[in-house]
Protein chains: 2
Amino acid sequence: MGKSYRQFCALARALDHLGDRWTLLIVRELLIGPCRYSDLRAALPGVATNLLADRLRQLETDGLVVRRELPPPAASIVYELTPLGAALDEAVYALVRWGAIWMVAGRDGETFEPRWLVVALRAFAGPVPADTRGTVDVLVEGVRIRVVVGGGAVDVALAEVPGGADAVVAGDAETVLSVAAGLLSFGGAQRQGRLRVTGNRGVARAVVDIFGLGPSPVNRVGGPPAVGE
Amino acid sequence: MGKSYRQFCALARALDHLGDRWTLLIVRELLIGPCRYSDLRAALPGVATNLLADRLRQLETDGLVVRRELPPPAASIVYELTPLGAALDEAVYALVRWGAIWMVAGRDGETFEPRWLVVALRAFAGPVPADTRGTVDVLVEGVRIRVVVGGGAVDVALAEVPGGADAVVAGDAETVLSVAAGLLSFGGAQRQGRLRVTGNRGVARAVVDIFGLGPSPVNRVGGPPAVGE
DNA sequence: CTGCATCCGCTTCGATACTG
DNA sequence: CAGTATCGAAGCGGATGCAG
């Protein structure tokens, strides 16, 4: 695998475990939820299968990931994060907030999985007022992401089944991302017809207001340099 | 350079710019302060000089770094971060907090630069009480790091000249790191003779208390997996 | 079908040497 | 001081094979 930087530095040590190609993207997938080998292959187009196997082995010996065999009827293997691996959440979210600067370029020819918005929404969630409560489903390309707010915390995850949400917000990925990052207002997105809201609009507004608040790099720095600059 | 992941995902986009070997370590050096080419080579043992040149070129065209020629007497070139590059601070600090878990292993055969503690101290700085004020110099292996606290903010930087600090804390890198990360108490470190404090001890205590507070991964998860586990 | 291992052409990395 | 040039070794991406 990748060579160690051999530096007594926490950043270098972190990169000794995460710096290899594909590793952090595997962690991203597992932050969304446990995955089978083939789930990972599908979500990571372009990864060589031996490389994926290598990375998973490395992550396992490093203690970031565990292999778990599902009970008999399924008879499959899932990979999931250990507490050590899950502790990467804040680092991933910080990278997502910075990387969002580069999302203005559009997605010509790139692959996209709506599930990735789970990570993006978590990344842009700000402090939660103690009295805000509610469940909002975000619907993008048929994938349902459930945002549950309550007790001063927010939980974002894939929703297995519809129903039970106070409101549903539907739109395309760019719009959802822009609103989450605070680059586009919730009201403005609705007025432009880019978001459709059904159910309890008060709850929807309150939950959406949790996002796009903090001084994330997207708001501080603006866009990437123009071409030719 | 590294191939793009071709994913419409902020993490993948970030890694498209930062994922190449050495890139984030170059950013780390520049977060400490502007560097000349030879400074970078010295701080990054093992980097091939053509690779360093490649990375700097890439960082420049990506808008994270600018080349600046120093005025005549010096007649040299320094690299420094643009606002876009400097916006990586939070991502780097988050990675440092996670990577600190792996710092228990000791530094056998690894290189170490005391200046790196500038980044570590920033990474572990917690919220600053509005009424805390003071300047503390941290002395490690002859390198002086100045921690200035006031107005609810903390600034950590290399100190060019001695003097002007309310207190001076001297010790080795492991001890300073442990105290900053909240794994070792300030008082305990002094009692064990691992830290020596001179000057105003009240200010020293107040400033040190800013560190090691937040629920960083080191405190939540503990150490890395034992060997053979 | 899932979960890998093997082989191969190509790119990238690391080390050294050399130049304005 | 600030890079460029070169070359062997390692890593990557893609295709294929194969056992459970």
Side-chain angles (χ1 to χ4, degrees), chain A residues 1-7 12 15-26 29-30 33-61 65-80 109-111, chain B residues 1-7 12 15-26 29-30 33-61 65-80 109-111:
Chain A
M1 333 255 87
K3 248 180 80 175
S4 166
Y5 287 111
R6 315 236 57 186
Q7 296 186 355
L15 294 176
D16 282 344
H17 297 280
L18 308 169
D20 286 333
R21 197 162 166 76
W22 295 108
T23 300
L24 266 177
L25 294 189
I26 295 172
E29 292 302 318
L30 298 180
C35 292
R36 292 175 304 174
Y37 189 85
S38 38
D39 295 334
L40 291 170
R41 281 206 62 182
L44 271 26
V47 70
T49 100
N50 57 353
L51 213 58
L52 179 55
D54 279 356
R55 297 293 183 262
L56 286 170
R57 246 191 311 270
Q58 189 64 46
L59 286 168
E60 201 189 345
T61 68
V65 161
V66 280
R67 268 171 63 110
R68 191 162 55 87
E69 304 195 21
L70 292 183
S76 187
I77 296 170
V78 289
Y79 295 88
E80 47 190 5
E110 296 191 322
T111 64
Chain B
M1 331 256 86
K3 249 181 78 175
S4 166
Y5 287 111
R6 312 236 56 186
Q7 296 186 353
L15 294 176
D16 282 344
H17 297 280
L18 309 170
D20 286 333
R21 199 161 163 78
W22 295 107
T23 301
L24 266 177
L25 294 189
I26 295 171
E29 292 302 318
L30 298 181
C35 292
R36 293 174 303 175
Y37 189 85
S38 39
D39 295 334
L40 291 170
R41 282 204 61 182
L44 270 27
V47 71
T49 99
N50 55 354
L51 213 57
L52 179 56
D54 279 355
R55 297 293 183 261
L56 287 170
R57 248 191 309 270
Q58 189 65 45
L59 286 169
E60 200 187 346
T61 68
V65 160
V66 280
R67 269 172 62 112
R68 191 162 55 87
E69 304 196 21
L70 291 183
S76 186
I77 296 172
V78 289
Y79 295 88
E80 49 191 3
E110 296 191 323
T111 63

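In what follows, every chain begins at residue 1, and chains take the letters A, B, ... in the order their sequences are listed. The structure displayed is predicted, hence computed values, not measured ones.
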Query raised in the report: Distance check: side-chain N/O of Tyr5(B) vs OP1/OP2 of dG13(D), anything under 4.0 Å?
Result: no
Requested in this report: Tell me, with the steps shown, if Asp54(B) and Asp20(B) meet side-chain contact (heavy atoms from CB on, under 4.5 Å).
Outcome: CA-CA 11 Å; Asp54(B) 279 355; Asp20(B) 286 333; over 6 Å; no
Query raised in the report: Looking at side-chain heavy atoms only, is the closest gap between Glu110(B) and Arg6(A) below 4.5 Å?
Result: yes
Query raised in the report: Think Ser76(B) has a side-chain N or O under 4.0 angstrom from the OP1 or OP2 of dC1(D)?
Result: no
Requested in this report: Would you indicate which nucleotide in dG3(D), dC4(C), dC1(D) comes nearest to any side-chain atom of Arg67(A)?
Outcome: dC4(C)
Query raised in the report: When the distance from CG of Leu52(B) to C1' of dA2(D) is rounded to whole Å, what number comes out?
Result: 10 Å
Query - Atom-to-atom span, CZ of Arg6(B) to C1' of dG13(D) - whole angstrom - result: 15 Å
Query raised in the report: Asp54(A) has an atom CG; how far is it from atom P of dG3(C), in whole Å?
Result: 17 Å
Requested in this report: Would you indicate, yes or no, if dG14(C) has its OP1 or OP2 atom less than 4.0 angstrom from a side-chain nitrogen or oxygen of Trp22(B)?
Outcome: yes
Report task. Please confirm whether Arg21(B) makes a cation-pi placement over Tyr5(A), using NZ or CZ under 6.0 Å from the six-membered ring centre and within 45° of the ring normal. Result -> yes
Requested in this report: Calculate the interatomic distance between Leu40(A) atom CG and dC1(C) atom P; express it in whole Å.
Outcome: 19 Å
Query raised in the report: When the distance from CG of Leu56(A) to C1' of dC4(C) is rounded to whole Å, what number comes out?
Result: 11 Å
Report task. Verify the contact: side-chain N or O of Arg55(A) to OP1 or OP2 of dC12(D), cut-off strictly under 4.0 Å; return yes or no. Result -> yes
Requested in this report: Please test Leu40(B) against Val47(B) for side-chain contact (heavy atoms from CB on, under 4.5 Å), starting from the C-alpha separation and ending with a verdict.
Outcome: CA-CA 9 Å; Leu40(B) 291 170; Val47(B) 71; over 6 Å; no
Query raised in the report: Roughly, in whole Å, what's the span from CZ in Arg57(B) to C1' in dT12(C)?
Result: 15 Å
Query raised in the report: His17(A) versus Thr23(A): any side-chain heavy-atom pair under 4.5 Å?
Result: no
**Report entry** Interatomic distance where CG belongs to Leu25(B) and C1' belongs to dC13(C) [whole Å]
**Finding:** 15 Å
**Report entry** Euclidean distance, atom CD1 of residue Ile26(A) to atom C1' of dC12(D) [Å, nearest integer]
**Finding:** 14 Å
Query raised in the report: Which comes earlier along DNA chain C counting from the 5' end, the contact point of Arg36(A) or that of Leu51(B), where each point is its nearest nucleotide?
Result: Arg36(A)
Report summary line: The residue among Arg68(B), Arg36(B), Arg67(B) that forms salt bridge (charged side-chain N to carboxylate O under 4.0 Å, His left out) with Glu80(B) is Arg68(B)
Query raised in the report: Could you write nucleotides 14-20 of chain D as a row of B, S and -, 5' to 3', where a protein heavy atom under 4.0 Å of any base atom gives B, of only sugar-phosphate atoms gives S, and otherwise -?
Result: B------
Query raised in the report: Between Asp39(A) and Glu29(A), is any pair of side-chain heavy atoms under 4.5 Å apart?
Result: no
